[in-house]
Amino acid sequence: MHFVTGSDKIEITNIYSSNERSDMMKNLLSKVFSKKAKIQIEFCQNNLDRFLNEQTVADYGKFLANPRIQYKEYECLSECKLCKKTPYAKVNGQIMSGEDSQDLLNKLHDELK
């Protein structure tokens, strides 16, 4: 703000242009109402078949229903050594694995935060 003094009154003028005010408002609104990004998850069908059981299938189903999650199952993701040892998924292109399917699901939940 800029103060301009006259004889016995003070006039306050704003030194921001309308574009600057608009940008400041957009920044404020984007911080207040920020959307969290969607998460891309890729699963190997062979790995799911190997490590999921009835309980974890239901838990994964609930998790994958989240609108922030986009997922796809592939027959194979070409991570054969890893696939034989542990449950895994590719999250936004990065491999994430767990000690068991529940551990992997917990890590996937943490990605949403």
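For this chain, numbers begin at 1 and follow the sequence in order. Only a predicted model underlies this, so the values are computations on that prediction, with no experimental measurement involved. Side-chain atoms are counted along with the backbone in the values below, which use heavy atoms only and exclude waters and symmetry mates.
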Tell me which donor-acceptor pairs under 3.5 Å the side chains of residues 76-89 have, and how far apart each pair is, sequence neighbours excluded?
{"from": "T86", "atom 1": "OG1", "to": "G98", "atom 2": "O", "distance (Å)": "2.1"}

Side chain to side chain donor-acceptor pair (under 3.5 Å) contacts touching residues 42-71 (sequence neighbours left out): Q40-Q70, Q45-D49, N53-T56, Q55-D59
Output side-chain donor-acceptor pairs under 3.5 Å for residues 101-113, partner residues at least two apart or in another chain, one line each.
{"from": "D103", "atom 1": "OD2", "to": "E99", "atom 2": "N", "distance (Å)": "2.8"}
{"from": "N106", "atom 1": "ND2", "to": "Q102", "atom 2": "O", "distance (Å)": "3.4"}
{"from": "K107", "atom 1": "NZ", "to": "S97", "atom 2": "O", "distance (Å)": "2.9"}

Sub-4.5 Å side-chain heavy-atom contact between F51 and D100: no
Shared hydrophobic cluster for Y74 and V91 (ILVMFWY, side-chain gaps under 4.5 Å): no
